[in-house]
Amino acid sequence: MLEEAALTLALLHFGFPLYYYSWAKGMLGKSVRAGRDPGFTPRVAVVIPTYNEAGNIERKLEDIYSQDYPRDRITVYIVDSASSDGTVGKALDWASRHKDIEVRIVEEGERRGKGRALNTALNTIDGGFDFIVVTDADAFWANRDALRNALSYFSDESVGAVSCVKTPGGGGFTGVESGYRDFYNVVRLGESSAYSTPVFHGELSAYRRRLLEDLGGFPTDIGSDDSHTATLIAVKGYRAIVAPDVYCYEPVPRRKYFHWRVRRAQHLIQHFAKSIRLLPRSPKAFRKILAAEIFLHLANPILLLISIALLAYSAYKGSPLSLSLLALGTALLAYKPYRTWIVMQLILLVAMVKNAFRKE
Ligand code: GDP
Ligand code: MN
């Protein structure tokens, strides 16, 4: 009896993501179904939020500078929240050496978080910009045509937001990171082909400005400002897509990898918890995607936990079947994709517990 319940939960836990992955893979063949004009190069405001990014800001500006995009159509807005490491000085110095790209610095008197900083930028950017690209200072674009490709999708009026495909960059623990990415990227792209994805990336998130203004700016109460904004745009009936020809990467921290991953997971969990109420007003094509992602992030890890607890209990009570299932589950850890999956589930569970006690 206990064994049956445990098995059912385990089958659901592993079966649903496999089903979803194969659905997403099938969708890939259909491309993103958005019309696009590669010659569409509108004026664009590239916003870099910075808090103590002196070590990254020059490389970041070089990265944007070296894009294959008309430089006179890019304005970089650095919104800095009282960095104490000389970020602004470094940015000003770089700008003085590169007069052929416009760099504006917006300074906040105190640190109030990335979301608020982005809203400050949004209020500052002048009226000549219909498109806004937000990009983290510690993340980079992997192809020279990333910006051009991302913006080209906006030539289709139904596209409201565009983000990048993440490729793993240097640092430690790239094994777990890249294993996870294979699953993750297929799902992001499949969702984008079908309609929209509710997960965006801080490395490059491009928005139709009008929609940001309709939403009243970026959320300031949760960590995933990019994913939540993309989701709200998709709920409005516009496409929010991860584009297959826009690559970005973020150096994976060498130290405190788990802490970092858990913090990310906490942000995603906050985002999906807040998105539950959006389900009834989502367009049908998006409702399925959003519901699946809510299930995967909020419920699925718990199914695994309950299943393991039931097996452990019935093994303790002397069930040979439960004992062998537990042994099998442990032996499979030698198989990398499975191990990666289990680690991700643990990270989500830890993040849920941490969220319950403290919002970070
Ligand atoms: P993580 O990638 O989720 O670990 O978050 P980061 O700490 O890398 O922050 C993402 C981006 O937002 C980076 O460019 C940070 O410098 C920037 N950022 C974080 N907090 C603030 C803030 O309070 N104000 C501003 N202006 N930028 C911030
Ligand atoms: Mn970062």
Side-chain angles (χ1 to χ4, degrees), residues 45-64 76-92 94 103-125 132-142 163-164 166-174 177 180-181 184 199-206 217-230 248-271 347-348 351 354-355 359-360:
V46 177
V47 178
I48 313 171
T50 57
Y51 180 72
N52 288 349
E53 297 287 2
N56 290 317
I57 193 65
E58 282 165 312
R59 178 175 171 205
K60 180 71 198 174
L61 288 164
E62 289 294 339
D63 194 36
I64 295 168
V76 177
Y77 284 84
I78 294 174
V79 51
D80 186 82
S81 306
S83 291
S84 57
D85 67 346
T87 302
V88 169
K90 284 230 160 118
L92 284 171
W94 187 93
V103 178
R104 296 192 195 167
I105 312 245
V106 184
E107 289 190 73
E108 292 198 306
E110 55 172 338
R111 185 181 189 193
R112 296 179 307 148
K114 180 182 168 187
R116 287 196 180 79
L118 294 179
N119 288 333
T120 302
L122 200 55
N123 292 329
T124 313
I125 295 168
I132 293 179
V133 171
V134 177
T135 179
D136 289 351
D138 60 346
F140 304 95
W141 299 344
S163 191
C164 56
K166 284 183 81 156
T167 59
F173 291 97
T174 43
E177 194 66 11
Y180 173 64
R181 286 281 154 225
Y184 181 94
V199 182
F200 259 38
H201 304 131
E203 290 78 8
L204 190 161
S205 290
F218 292 90
T220 53
D221 55 338
I222 56 172
S224 293
D225 49 86
D226 34 33
S227 295
H228 204 64
T229 301
C248 57
Y249 70 95
E250 166 185 48
V252 174
R254 273 168 223 279
R255 297 169 48 211
K256 293 193 160 188
Y257 173 80
F258 280 93
H259 177 84
W260 175 73
R261 270 244 74 94
V262 166
R263 208 174 111 257
R264 283 291 169 80
Q266 282 181 264
H267 291 165
L268 271 184
I269 288 167
Q270 290 164 16
H271 155 52
I347 288 170
L348 282 167
K354 283 190 84 175
N355 269 352
K359 299 262 185 229
E360 197 184 326

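Every number for a ligand or one of its atoms is a count from 1 in the order of the listing.
Within the listing of ligand 1, atoms 4 (O) sit less than 4.0 angstrom from a heavy atom of W260. Numbered from 1 in the order shown, with element, the atoms of ligand 1 that lie under 4.0 Å from a heavy atom of T50 read 16 (O), 25 (C), 26 (N), 27 (N). Each of the following atoms of ligand 1 lies closer than 4.0 Å to a heavy atom of V79: 26 (N). If you number the atoms of ligand 1 from 1 as listed, the ones under 4.0 Å from a heavy atom of A117 come out as 24 (N), 25 (C), 26 (N).
Distance alone, capped at 3.5 Å, places no donor-acceptor pair between the H201 side chain and the S163 backbone. Under the 3.5 Å distance criterion, the side-chain polar atoms of D138 are left unmatched by any main-chain donor or acceptor of E250. For D80 (side chain) and S83 (main-chain N/O), a donor-acceptor pair under 3.5 Å exists by modelled atom type.
Using a 4.0 Å threshold on non-hydrogen atoms, atom 20 (N) of ligand 1 counts as touching the protein.
For atom 3 (O) of ligand 1, the nearest non-hydrogen atom from the set E250, R264, E107 comes from R264. Closest heavy-atom approach to atom 24 (N) of ligand 1 within the set S224, S81, G223: this belongs to S81. If you check each of R263, E203, E108 against atom 4 (O) of ligand 1, the one with the closest non-hydrogen atom is R263.
Looking from atom 28 (C) of ligand 1 to the surrounding protein, the closest heavy atom is Y51 CB, 3.8 Å. Shortest contact from atom 11 (C) of ligand 1 to any protein heavy atom: D136 OD1, 3.4 Å. Distance from atom 15 (C) of ligand 1 to its nearest protein heavy atom, with residue and atom name: E53 OE2, 3.1 Å. Taking atom 8 (O) of ligand 1 as the reference point, the nearest protein heavy-atom neighbour is D138 OD2, 2.8 Å.
Between atom CD1 of residue I57 and atom OG1 of residue T87 there is a gap of 7.0 Å, rounded to the nearest 0.5 Å. Expressed to the nearest 0.5 Å, how far CD of E203 lies from SG of C164 amounts to 5.0 Å.
Of all non-hydrogen atoms in E110 and A82, the two that sit nearest each other are CA-CB, 4.1 Å. The nearest pair of heavy atoms linking S205 to F200 is OG-CD2, 3.6 Å. Minimum interatomic distance between P219 and H228 (heavy atoms only, all atoms of both residues): CG-CB, 4.1 Å.
Backbone or side-chain N, O or S atoms of D136 do not reach the Mn ion (ligand 2) at under 2.8 Å.
Of the heavy atoms in P49, both backbone and side-chain atoms come closer than 4.0 Å to ligand 1. Contact annotation: for K114 versus ligand 1, heavy atoms closer than 4.0 Å belong to both the backbone and the side chain. When non-hydrogen atoms are compared, ligand 1 lies under 4.0 Å from neither the backbone nor the side chain of H267.
No other N/O/S atom of D138 lies as close to the Mn ion (ligand 2) as OD2 does.
A side-chain contact (heavy atoms from CB on, under 4.5 Å) with V103 is found for exactly one of I64, V76, V46, namely V76.
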